[in-house]
There are 2 protein chains.
Amino acid sequence: MTVTLADVAARARVSPATVSRVLNGNYPVASSTRERVLRAVDELDYVLNGPASSLAAATSDLVGILVNDIADPFFGIMAGAAQSEIGGPGDGSGRAGGEKLAVVCNTGGSPERELTYLTLLQRQRAAAVVLTGGALEDPAHQAAMAAKLAKLADAGTRIVFCGRPPLPDTDAVAAALTFDNRGGARRLTEHLIALGHRRIGYVAGPLERTTTRHRLEGHREAMAAAGLQGDEENLTEHGPYDRGSGYDATRELLRRAPDVTAVVAANDTVALGACAAVRDRGLRIPEDVSVAGFDDLPFSVDAVPALTTVRLPLFEAGARAGRLAMGKETPPPGGIATIDAELMERGSTAPPSH
Amino acid sequence: MTVTLADVAARARVSPATVSRVLNGNYPVASSTRERVLRAVDELDYVLNGPASSLAAATSDLVGILVNDIADPFFGIMAGAAQSEIGGPGDGSGRAGGEKLAVVCNTGGSPERELTYLTLLQRQRAAAVVLTGGALEDPAHQAAMAAKLAKLADAGTRIVFCGRPPLPDTDAVAAALTFDNRGGARRLTEHLIALGHRRIGYVAGPLERTTTRHRLEGHREAMAAAGLQGDEENLTEHGPYDRGSGYDATRELLRRAPDVTAVVAANDTVALGACAAVRDRGLRIPEDVSVAGFDDLPFSVDAVPALTTVRLPLFEAGARAGRLAMGKETPPPGGIATIDAELMERGSTAPPSH
DNA sequence: CTGTTAGCGCATTCAT
DNA sequence: ATGAATGCGCTAACAG
């Protein structure tokens, strides 16, 4: 019923091994033979049996890309860039040659699902795994992750981090691309302070996430350097990285500290919610309250006024992670590269008017 | 080096067949035996060899979800919802039981890549494939798709469409969930006409996409019903489904037809660009020009003014597609279900002031 | 450059 | 309810 490699071999009058060789292209084959084989492949409409070849070769062409939230462009941009480097351009025939199958897996931010996906990828003998976005700081989960990643690496799976700080005790990770969240956050808050703000609220991300902590630390560094520490509790609110959370947290912040003249959000999406909360309170942006975000997602420039934020080169980072995962690029020294974050000053921040 | 099912069998003092049976859970096994086996699995930290079991069973636990643009929340929301139904909740152990591996594949809107992914999934003997978003109307590509899908279905892969019109001549597709793009677009334009608009520009999506065509047709139906047809060429502009395109197209539209009092965009992302273009020309929204979008993505309510648009239940549709792909839900009668689109009237549309 | 020979690790008959 | 035997389709030595 289903056509196998042996059928192709018979039709092309060669041995199965030869067919395998032309299909995988890693071996010298006479071009006349190759043509004969390819013709047989087309005539028979043959498609390689992936499981069989993965079993025999003890490795598959699957590459997993783990993301926390697939509906968030932050991850979508990185994943898309990585995938475009991994999947290859395709040859236009739709026939699929030696391409890898780059697939993205949505953990939803759940540590259990993260581990489950890793196990599933391990089960498939994935060629590589790219982990994007911040990590959870729970020690138990970190240990479980380190153990799992070690096992994957052991089995030959290449591990790459993208926008995630390197694991402390594991050399299983081939390369870690990490964003300068702390520095970016510091420069953003310095910008606000330079504008004259003194009471600055901070709508942070969820607790126990490295991204949350690093950005918050950068913010507080800047505050402390200006002698503005001391009221962190009133000025900080935590919540998920989504719009609704930004709205709620900002409402609460404005209630508790009505004298703030600026609100810094954990990311652009949260900042959008913050803007809405500020407006709903009858305050103008930036005249009454400045608002700033983080990431510089595509929609940020379209906010009204345009959102001051910190640009992260998500596409470039994702593409590089993809290349690293494919072994097409040599890892940075020490396996770790820090990626700069650039302050984007726009209309949503201005000097306080009172 | 790597621990196999035979190792587990030896440790549990049972035959390999028994281990296979408890792991797949489809067979009666004495519970004492089962426990012994599971203990051995944990002790040995055994992970099933996916390729081997797929080869033996002639089917894999891979489920592919194809999207046109992974960085677009339109697709991210659907894909995430589908994935959550497919991947299962996980058992919290990270051990991975009988779960499917739901993976999303980014075609970037390229027909070649779409076919390539399908071939790759065919090669993996995928259990199911979900195709999201509008299709390309190029006959050659449609034929190639139909052929490929037929082959997949033939090999036992379940095919589900989500937000894509059913293929005319194929019964390979188990179920097609299609959005009422035409009806939604019609109601949106009727809303504008009811407000008093007569000169309405339309920033359409890329040519040859079903989504583009259906939305445009709905718009024109409404225009024609009000006797407003006749200047389609001046009032229509095509471009990709992105922000920059919306900006450029709207600039051009306003230049060519400065008397328009409303602009309808192909989707919310394009509408954002349209808003920027309107403002850059010194016009106010909605006083001088009304703007409307389509999809009701999360950010649309945060636009200023909030965007009038047509809501598509993306999450619900994606979840249903996921269930359909898993065989957890019976297909709609005829295999086709049309999903309603709801008009959301918000601040970006108002009666024309001149 | 090409053919021959062995498994890869597991699911599934068929027995018991 | 469990064990023994067979083959899924392919790649990778090893020869030639």
Side-chain angles (χ1 to χ4, degrees), chain A residues 1-38 40-41 44-62 96-98 122-127 155-156, chain B residues 1-38 40-41 44-62 96-98 120 122-125 127 155-156:
Chain A
M1 182 65 218
T2 162
V3 31
T4 75
L5 184 144
D7 299 330
V8 176
R11 197 170 216 304
R13 310 188 144 278
V14 296
S15 73
T18 299
V19 177
S20 173
R21 293 196 262 253
V22 341
L23 257 28
N24 291 305
N26 320 320
Y27 239 74
V29 174
S31 58
S32 65
T33 315
R34 182 202 322 293
E35 274 186 39
R36 204 143 34 88
V37 169
L38 287 179
V41 166
L44 265 36
D45 211 15
Y46 170 69
V47 174
L48 203 60
N49 184 317
S53 62
S54 295
L55 173 57
T59 171
S60 83
D61 52 4
L62 245 199
Q122 178 184 9
R123 177 185 293 187
Q124 301 293 336
R125 305 301 189 251
Chain B
M1 184 64 218
T2 162
V3 31
T4 76
L5 185 144
D7 299 330
V8 175
R11 196 171 216 302
R13 310 188 142 280
V14 295
S15 73
T18 299
V19 177
S20 173
R21 293 196 260 254
V22 341
L23 256 28
N24 290 306
N26 318 322
Y27 249 74
V29 173
S31 58
S32 65
T33 315
R34 182 203 320 296
E35 274 187 38
R36 204 142 35 88
V37 169
L38 288 179
V41 166
L44 264 38
D45 211 15
Y46 171 69
V47 174
L48 201 62
N49 184 319
S53 64
S54 295
L55 172 58
T59 171
S60 84
D61 53 2
L62 244 199
L120 252 13
Q122 178 185 9
R123 177 186 292 187
Q124 301 293 335
R125 305 300 188 252

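Reckoned from all heavy atoms, side chains included, excluding hydrogens, waters and symmetry mates. Here is how names work: the chains are called A, B, and so on, in the same order as the sequence lines, proteins then strands, and each is numbered from 1.
- Of the listed nucleotides (dG3(C), dT11(D), dG9(C)), dT11(D) has the atom at the smallest distance from the side chain of S53(A).
- Heavy atoms of V19(B) sit nowhere under 4.0 angstrom from any nucleic acid atom.
- Of the candidate nucleotides dT11(D), dA12(D), dG9(C), dG9(C) has the atom lying nearest to any side-chain atom of T2(B).
- In this entry the distance linking CZ of R34(B) with P of dT2(D) reads 9 Å, nearest Å.
- Using a 4.0 Å heavy-atom criterion, one finds that S54(B) contacts no nucleic acid atom at all.
- At a threshold of 4.0 angstrom between heavy atoms, the contacts of L5(B) are confined to the sugar-phosphate backbone, with no base atom among them.
- Computed from coordinates, the L44(B) CG to dG9(C) C1' distance equals 15 Å when rounded to whole Å.
- In this entry the distance linking OH of Y27(A) with P of dC1(C) reads 12 Å, nearest Å.
- Here the nucleotide nearest the side chain of L55(A), chosen from dT2(D), dT12(C), dG9(C), is dG9(C).
- Between Q124(A) atom CD and T59(A) atom OG1 the span is 11.5 Å, to the nearest 0.5 Å.
- In the set dT12(C), dA12(D), dT2(C), the nucleotide with an atom closest to the side chain of T18(A) is dT2(C).
- V22(A) is not listed as a side-chain neighbour of T33(A), based on a closest heavy-atom distance of 4.5 Å or more.
- A 4.5 Å side-chain heavy-atom check between D45(B) and V3(B) finds every atom pair outside the cut-off.
- At a cut-off of 3.5 angstrom, the base of dG9(C) holds no donor-acceptor pair with the side chain of R125(A).
- The CZ-P distance, from R21(A) to dG3(C), rounds to 8 Å in whole Å.
- Each of P16(B) and N49(B) lies near DNA chain C, and the nucleotide nearest N49(B) is the one positioned closer to the 5' end.
- Contact annotation for A58(A): no contact, since no heavy-atom pair falls under 4.0 Å across all strands.
- Positionally, the nearest nucleotide of DNA chain D for A30(B) lies more toward the 5' end than for the other of A30(B) and N24(A).
- Side-chain contact between V37(A) and V29(A) is absent, with no heavy-atom pair separated by less than 4.5 Å.
- Protein atom CD of Q124(B) is 20 Å distant from nucleotide atom P of dC8(D), rounded to whole Å.
- Within the structure, every side-chain polar atom (N or O) of T4(A) is placed at least 4.0 Å from both OP1 and OP2 of dC8(D).
- Side chain of P28(A), nearest nucleotide from dC1(C), dG9(D), dT11(D): dC1(C).
- Nearest to the side-chain atoms of S15(A) among the listed nucleotides dG3(D), dG3(C), dT2(D) stands dG3(C).
- Taking CG of N49(B) as the start and OG of S54(B) as the end, the distance is 8.5 Å to the nearest 0.5 Å.
- With the nearest nucleotide of DNA chain D identified for both A52(B) and V14(B), V14(B) has the one nearer the 5' end.
- If you take CZ of R36(A) and C1' of dC1(C), they are 12 Å apart, rounded to a whole angstrom.
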